[in-house]
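Any value given below was found using the heavy atoms of this structure, including those in side chains, with hydrogens, waters and symmetry copies removed. Numbers restart at 1 for each chain; the letters A, B, ... are given by sequence-line order, proteins then strands.
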Protein chains: 2
Amino acid sequence: MTDLTLEERLEEAVKTLKVRGVRMTPQRYAILSYLLETRSHPTADEIYKALADRFPSMSVATVYNNLKLLKEAGLVRELTFGDQASRFDGQMHDHYHVTCIVCGRIDDFEYPPMRFIEKEAERLTGYATAEHRMEVYGICPACRKAQEEAKQMAMVTAKAAGNEH
Amino acid sequence: MTDLTLEERLEEAVKTLKVRGVRMTPQRYAILSYLLETRSHPTADEIYKALADRFPSMSVATVYNNLKLLKEAGLVRELTFGDQASRFDGQMHDHYHVTCIVCGRIDDFEYPPMRFIEKEAERLTGYATAEHRMEVYGICPACRKAQEEAKQMAMVTAKAAGNEH
DNA sequence: GTTTTATTGATAATAATTATCATTATCGGA
DNA sequence: TCCGATAATGATAATTATTATCAATAAAAC
């Protein structure tokens, strides 16, 4: 199993880009390494802000340009969520996501790719299927806890209101 | 199994809306019935254009307003695809979609809801999961045929070019 | 019918993303 | 090491889907 370090993955990525005739710039390198090391699935704007102190003059257009380029080179995946901003994932091994419907947090989870669903779609519709996307939605542990506490609070308040007469 | 006709489903939907205190207007009725009878997963703009001859003065905002309202009433589902326009689905029984990456066409296919993946995400991440979304991507039969023909054409042309000397 | 209030339609506002383009920087070769 | 071709950057305008605003209109309960 290939289990590379961050540095090795970065080196690989730079090589991949060079083969494609893509020049390496400080901004590009920073965006790439930021995406390879984080697991936070950042938006373009979050990346922009995260690098703002190191590249105060960097344009938000540069972030978008590079994200598109990295995506085309197969180094990054774009996760779209309706009209909200896209999120970007530098972890290119197959995995699925759970999204918190309260706070927007996204977590990874490992599960064998469900290729059977593509085959089934193929059989039923005549499409030549190539891939699938699957997102699970729920409430993350932190937000569950917050909701639990809010409920407790409401009960205490209700009880107090009931007693005051 | 409840297998209602279009008229019965419309009647049901109108009742559901009335319970929620939603008034019925000609525009709203037209949008609703359009969504219940089509299987084309139209965008807001497509609905707007489809009803333009019957409601020449209808605003595009009215279409959006009603789509949101119908969605909140559980009568319609919104399918989002990145930064492209959302598509709307009036078929509320559980089913999945295949999307053509060439022409954008969307087809339904029936498959038992994969609740196990929600349970697995729950176990692995501690989320309280509620639902999931799964989209298969591929090339529809029509576009496959078109690509096949284009390939044939290219071969013939190449052969002709090879012979001309 | 009157009245209340949800709805419509016109238009402005918003937000993410892409396009444009002059200026700058990379990198292979002289 | 310097040079030149050209790719990349950064500033800004443009685009597109969607939402907000609000005065005028129309449902529907009485």
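- OP1 and OP2 of dA7(D) both lie 4.0 Å or more from every side-chain N or O belonging to N65(A).
- I117(A) has its side chain within reach of M114(B): a pair of non-hydrogen atoms, C-beta onward, lies under 4.5 Å apart.
- Counting to the nearest Å, the P atom of dA8(D) and the NZ atom of K18(A) are 13 Å from each other.
- Using cut-offs of 30° and 60° for the angle between ring planes, the H95(A) and H97(A) rings count as perpendicular.
- As rounded to whole Å, 13 Å separates atom P of dA17(D) from atom OH of Y48(B).
- Across the protein-nucleic acid pair, Q27(B) atom CD and dA24(D) atom P stand 19 Å apart, rounded to whole Å.
- At whole-Å resolution of the value, CG in N66(A) and P in dT26(C) are 13 Å apart.
- Within 4.0 Å of T25(A), counting heavy atoms only, lie sugar-phosphate atoms of the nucleic acid but no base atom.
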Response to the item:
Readout for nucleotides 10-18 of chain C: B = base within 4.0 Å of protein heavy atom, S = sugar-phosphate only, - = neither; 5' to 3' it is BB----SBB

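- As a whole-Å value, the separation of I47(B) CD1 from dT18(D) C1' is 14 Å.
- M92(A) is not connected to L70(A) by any chain of hydrophobic side-chain contacts under 4.5 Å among Ile, Leu, Val, Met, Phe, Trp and Tyr, and they are in different clusters.
- Between I31(A) atom CD1 and dT9(D) atom C1' there is a gap of 11 Å when expressed in whole angstrom units.
- Side-chain contact between L67(B) and I31(B) is present, with heavy atoms from C-beta onward closer than 4.5 Å.
- Remark: C1' of dA8(D) and CD of E72(A) are 15 Å apart, rounded to the nearest angstrom.
- Counting heavy atoms from C-beta on, the side chains of L17(A) and L69(A) come closer than 4.5 Å.
- Because its NZ or CZ atom is not both nearer than 6.0 Å to the ring centre of F55(B) and within 45° of the ring axis, R28(B) does not count as a cation-pi partner of that residue.
- Following rounding to the nearest Å, F55(B) (CZ) and dT25(D) (C1') show an atom-to-atom distance of 15 Å.
- Looking only at atom types and distance, the side chain of R87(A) has no donor-acceptor partner in the side chain of T99(A) under 3.5 Å away.
- Donor-acceptor pairing under 3.5 Å, judged by distance alone, is present between the side chain of R23(A) and the base of dT6(D).
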